[in-house]
Amino acid sequence: MNERYEPRSIEPRWQSRWEQAGAFRAGRRERAEKRYVLEMFPYPSGAMHMGHARVYTIGDALARHLRMRGHDVLHPIGFDALGLPAENAAIKDGRHPGERTRENIVLFRAEMKRLGFSFDWEREIATCDPEYYRWNQWFFLKMLEKGVVYRRQGKANWCTGCQTVIANEQVVDDNRCERCESPVIEKIIPEWAFRITAYAQDLLDGLDQLRDWPERVTTMQRNWIGRSDGAEVDFDVPGRGPIRVFTTRVDTIHGCTYVVLAPEHPLVEKVAVPERRAEVRAFVERMKKADVLERTGEGAPKEGVFTGAHAVNPYTGEKVPVWIANFVLAEYGTGAVMSVPAHDQRDFEFAKKYGLPIRVVIQPAKGERLPSGDALAQAFTEDGVLEASGAFSGLPSAEARRKMSAHAEAKGFGKAEIRWHLRDWGFSRQRYWGTPIPIIYCEEHGAVPVPEKDLPVVLPERAVITGTGEPPLAKVPEFVNTTCPRCGKPARREVETMDTFVDSSWYYARYLSPKDDRRPFDPEAARRWLPVDTYVGGPEHAVMHLLYFRFWHRVMHQLGLVHEDEPCRRLVTQGIVNGPDGRKMSKRWGNVVTPGPMMDRYGADTLRLFILFAAPPEKDIDWSDEQVDGLFRFLGRVWRLFHARQDCFNARDLSARRAHGQPDEAAPAPQGAPDNERGFAAGTNLERAGGPGGAVPPGRNEDFLELRRRTHRTIKKCTEAFQGEMKFNTGIAALMELVNALYALEPRSDAERAAVREALVALAALLSPFAPHAAEELWHEVMGPAARERLLAEEPWPAFDPALVAADTVTIAVQVNGKLRGEVVAAVSAGEAEVRALAEADEKVKTHLAGKAVRKVVFVPRRLMNFVIG
RNA sequence: GGGCGGGUGGCGGAACUGGCAGACGCGCUGGACUUAGGAUCCAGUGCCGCAAGGCGUGAGGGUUCGAGUCCCUCCCCGCCCACCA
């Protein structure tokens, strides 16, 4: 055994042995329970960064652990390879996005392999592969048939200089184009969209099932879907027709003193009286040009203009003025609101500014009455009791809302209505590096879907990417010009491509049969492997990706491809890796640390340990050279420990004999079985060590019984680190404690050497999800020739012996009036009287109790005794 | 403004359903071994104090024999959403 710890020489060796053995291929244990561990696949721009190293290290530790627990584990990887950054880079240097992307994938793959991630590489996918995106196109066609895909008029950022649609990210300060700095305006253009709103209720209800998702993610999704229950009511403008408003507070409608339309509202032109039309138009034009944030941001001052028209409140018959204002959003509700200044803060501010009346119609259920409208300092927006509301006066708000909606429906001027914040998902992109949308435009037949047999519509290799003007595909005649599938006459292909969120919405299913050329994936494999058991990724995907992903799964369910509603049981959102200065890593700060050079210096195992030890997965961590040094030293310390205890390797087997020696064929323990049914045959060890009845061996051997206890407690602790919330940091800490304990002991007898050997074997096994290469090496050292053909990665996870985990004596804290004054060691089973006697014998406790009357004694078995004195 | 997280030594972080605050690591201090050590091993390390002891989990109050943990009031930090009628 090499005396020095040299990761450079050992890591590649184990990586190739794992690969040769196919140790990480899914589907090798058909009878075992499956586990699908997935990390969000990377967008391969440039080289790998620490964030990538972190996600995959977290997922890998879990996958390795689960494999050792006997599960059949699917742990795949692929590349989210289509997208804007590659295209933007191409605009700068003229290189083809595909060429660049493929190079980056090669770099990524190499670094991932160097980090020792236990991926099933045979299932690797890349979304830029036509064999992948053809199934995006296939889904498009299926969804078109089902009416889930449709064409609509959508809003887009239009650069007035480049004469093209640009992405949100490309709109920079002051609403200008990132590239040409021309103003960007909002333009209405036709686009393709997914009818995700049809699934709004279902997506909302599904959140209740997701108990193992972080609450903040489900809350964000809930808010994003944004169900609001309210009512629609028509305010009639005599001679011009009704203005339909949406409100969640129909109970306040008797306090409505004006109605407001969004500037884009279709009725604006119609209702404006001729003498005010010029002013109205000027306002609308100004709003159209204004920056979206500036216009509708919360800080923006409320601005509006009177149309001259009046509308009738159907509940009161009262005529109220109709205004147009910046704060009303065309795309929410009906684009028109009834304003109740006494009970809505925005309406209140607007009314104050323009001198509109304020009328109180809700009084707090308890407490002080509100003053009359003019004296009101701010809107009262809570529920209360109605007043001055005709027949509805005296009702509580909630009841009033129900009765008033019913009343509107009965009278035919409105009804209860649910509105959603969620919008349909517009997915057309005027880009090259994406999935071509499989549509052909024919003069006679309009938009004709490409027949399934003609898929994939392949992205032409020759691209004209300038970042300006028309979509790049429009400039490739051999792509554009085709014939109509219906009539065979000349026709043109759709030149738009799909949003790359499409790719990531179903990739987890493609891993199930990545080479399938008849369907997107094998439904039988889906029955085996889905849903994903644990999905690890950044919280920045809490809404968009994770909502699309849930939506797509539902569509696949309807297509009969999958068998459940939700794609993923447990979600883990990992924190970011900041620079050593605590700031986000960035070239600007010069604080960027990348995995490659760190592995050159310390090896993969140290890097992995650092990532897992620094904090629990959800928390942000700061890079720390000192901590990394410390973890490298820890591995060196483990290394030297094994070296120094070689004399224990051949110790007569006390413990480390396996319960079953054929890990590959081993079926996992039945669900709910105690841990000690697998792994080390710990149950019988106590007897072997101490003779019949597991009695404590005499003399200095007690230390070694303590060691054995510590070993088994460490196994327990590390096992728990993988259950529930992942607490790898405390698991690793427990391993450090075990190492420290081993350093303090010098075994002399065979029994002692056997106890040390047991600890070393367990240590190597427990270390292997975290630092797999070093663990593998050390495990083979201690196991000797018996293990020559085996791999620790495929061995069973150690089991602990509950009898050894439970201590037989405990330290009990002794308090006097709640302050710690001493501690006593007593048997676990010691009762109050026994502990009290011990406690009262303690010198320090004695002084504190001297001459005082004990009023009360609180005794918590195994923990503490508290004397309450007068 | 709303939602969700957080605030614990010099630093990263531990602490099960209220029960010995500070596990483990970093840093620091001392010692051993050494030609040497920025290697390694050992010991110490919350603060004040020579000690006895006192004080300590953002601030203030409360419940309790006992509060980092529960309740109330408030302050600060992070992320997400943000005029959603």
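Letters go in sequence order (proteins before strands), and every chain restarts at 1.
- Across E834(A), E832(A), E840(A), a single residue satisfies salt bridge (charged side-chain N to carboxylate O under 4.0 Å, His left out) together with R836(A), and that is E840(A).
- The distance from the CG atom of D383(A) to the OG1 atom of T252(A) is 10.0 Å, given to the nearest 0.5 Å.
- The residue R423(A) sits apart from the nucleic acid: no heavy atom pair falls under 4.0 Å.
- Across all strands shown, Q627(A) has heavy atoms under 4.0 Å from base atoms, whether or not it also approaches the sugar-phosphate.
- Contact check, R862(A) against G19(B): no side-chain N or O comes under 4.0 Å of OP1 or OP2.
- Defined by atom type and a distance below 3.5 Å, a donor-acceptor pair is missing between the side-chain atoms of R821(A) and Q815(A).
- Taking atom C1' on both U45(B) and C77(B), the two are 29 Å apart, rounded to the nearest angstrom.
- For N326(A), whose side chain is taken as the heavy atoms from C-beta onward, the closest listed nucleotide among G13(B), C83(B), G53(B) is C83(B).
- In the set G5(B), A15(B), G13(B), the nucleotide with an atom closest to the side chain of K727(A) is A15(B).
- For T248(A), whose side chain is taken as the heavy atoms from C-beta onward, the closest listed nucleotide among C41(B), A85(B), A15(B) is A85(B).
- Contacts of R633(A) with the nucleic acid, taken as non-hydrogen atoms under 4.0 Å apart, involve only primed sugar atoms and P, OP1 or OP2.
- Taking side-chain N and O atoms only, N729(A) has a distance below 4.0 Å to OP1 or OP2 of A14(B).
- Mapped onto RNA chain B by nearest heavy atom, K619(A) and P539(A) fall at different nucleotides, with K619(A) at the one closer to the 5' end.
- Contact annotation for V337(A): base contact, defined as any heavy-atom pair under 4.0 Å involving a base atom.
- Taking atom C1' in both G58(B) and A67(B), one finds a spacing of 16 Å when rounded to whole Å.
- Among the atoms of the strands shown, only primed sugar atoms or phosphate atoms (P, OP1, OP2) are found under 4.0 Å from some heavy atom of H848(A).
- A23(B) atom P lies 23 Å from atom CZ of F728(A), rounded to whole Å.
- Nucleotide G2(B) is matched to C80(B) when pairs are restricted to Watson-Crick or G-U wobble geometry with both distances under 3.5 angstrom.
- Taking the six-membered ring for Trp and the full ring otherwise, the centers of F235(A) and F413(A) sit at least 6.0 Å from each other.
- Checked against G13(B), A23(B), A85(B), the side chain of F246(A) finds its nearest nucleotide in A85(B).
- Backbone-only contact: R637(A) has heavy atoms under 4.0 Å from sugar-phosphate atoms and none from a base.
- The distance between atom CG of D344(A) and atom P of G1(B), rounded to the nearest whole Å, is 17 Å.
- Comparing the P positions of C24(B) and G46(B) gives an interatomic distance of 12 Å, to the nearest angstrom.
- Distance, E540(A) CD to C79(B) P: 13 Å, rounded to whole Å.
- Nucleotide G78(B) holds its P atom 14 Å from the CZ atom of R583(A), rounded to whole Å.
- Set against G19(B), G25(B), C83(B), the side chain of R863(A) has G19(B) as its closest nucleotide.
- Going from atom CZ of F350(A) over to atom C1' of A85(B) covers 14 Å, rounded to whole Å.
- In this pair, F770(A) and F722(A) present their aromatic rings parallel. The plane angle is below 30°, not in the 30 to 60° band.
- Ranking G13(B), G54(B), C20(B) by closeness to the Q815(A) side chain, first place goes to C20(B).
- To the nearest 0.5 Å, the span separating CZ on F501(A) from CZ on F549(A) amounts to 13.0 Å.
- Residue Y743(A) is classed as a sugar-phosphate contact, given heavy-atom separations below 4.0 Å to backbone atoms only.
- When each of A85(B), G13(B), C20(B) is scored by its nearest atom to the side-chain atoms of P616(A), the top-ranked nucleotide is G13(B).
- Annotation: U57(B) and G10(B) have their P atoms spaced 13 Å apart (nearest Å).
- Remark: K819(A) is not in phosphate contact with G54(B), judged by side-chain N or O atoms under 4.0 Å from OP1 or OP2.
- Ring geometry for H545(A) against Y535(A) counts as perpendicular: the plane angle is over 60°, on a 0 to 90° scale with 30° as the lower cut.
- For E737(A), taking side-chain heavy atoms from C-beta onward, the closest of the listed nucleotides C24(B), C65(B), C84(B) is C24(B).
- Between U29(B) and A39(B), the two P atoms lie 13 Å apart (nearest whole Å).
- Nucleic acid contact class of T219(A) (heavy atoms, under 4.0 Å, all strands): sugar-phosphate only.
- Partner assigned to A43(B) is U29(B), using Watson-Crick or G-U wobble distances below 3.5 angstrom.
- Pair assignment for A59(B): U73(B), on the basis of Watson-Crick or G-U wobble contacts that are both within less than 3.5 Å.
- Taking atom CD of residue E626(A) and atom P of nucleotide C11(B), one finds them 14 Å apart after rounding to whole Å.
- Taking side-chain N and O atoms only, S624(A) has no distance below 4.0 Å to OP1 or OP2 of C11(B).
- The listed nucleotides are C83(B), C80(B), C24(B); the one nearest the side chain of A733(A) is C24(B).
- When distances run from any side-chain atom of T811(A) to the nucleotides G3(B), C4(B), C20(B), the shortest one goes to C20(B).
- M726(A) approaches P616(A) most closely through the heavy-atom pair O-CB, 4.3 Å.
- Syn is the glycosidic conformation of G9(B), whose angle stays within 90° of 0.
- Per the geometry, CG belonging to D625(A) stands 15 Å off C1' belonging to G38(B), to the nearest Å.
- For the pair K302(A) and F350(A), the NZ or CZ position fails the cation-pi test of under 6.0 Å to the six-membered ring centre and within 45 degrees of the ring normal.
- Residue G226(A) is out of contact with every strand shown, counting any heavy-atom pair closer than 4.0 Å.
- Rounded to an integer number of Å, the gap from H421(A) NE2 to C80(B) P is 16 Å.
- Of the side-chain N and O atoms in N740(A), none sit less than 4.0 angstrom from OP1 or OP2 of A23(B).
- Here R821(A) reaches the OP1 or OP2 of G54(B): one of its side-chain N or O atoms lies under 4.0 Å away.
- Using P as the reference atom, U69(B) and G60(B) are 13 Å apart when rounded to the nearest Å.
- Base pairing analysis places C24(B) opposite G12(B); the two distances defining the Watson-Crick or G-U wobble pair are each below 3.5 Å.
- As rounded to the nearest Å, G53(B) and A14(B) have P atoms that lie 33 Å from one another.
- Base engagement by E823(A) is indicated by at least one non-hydrogen atom pair under 4.0 Å involving a base atom.
- Comparing C80(B) with C47(B), their P atoms sit 37 Å apart, to the nearest whole Å.
- Under the Watson-Crick and G-U wobble criteria, each requiring two contacts below 3.5 Å, nucleotide U64(B) is left unpaired.
- If you check every strand for non-hydrogen atoms under 4.0 Å, Q345(A) touches nothing.
- Salt bridge annotation for K415(A)-E417(A): present, with a cationic side-chain nitrogen under 4.0 angstrom from a carboxylate oxygen.
- Both distances falling under 3.5 Å, in either a Watson-Crick or a G-U wobble arrangement, occur for no nucleotide opposite G18(B).
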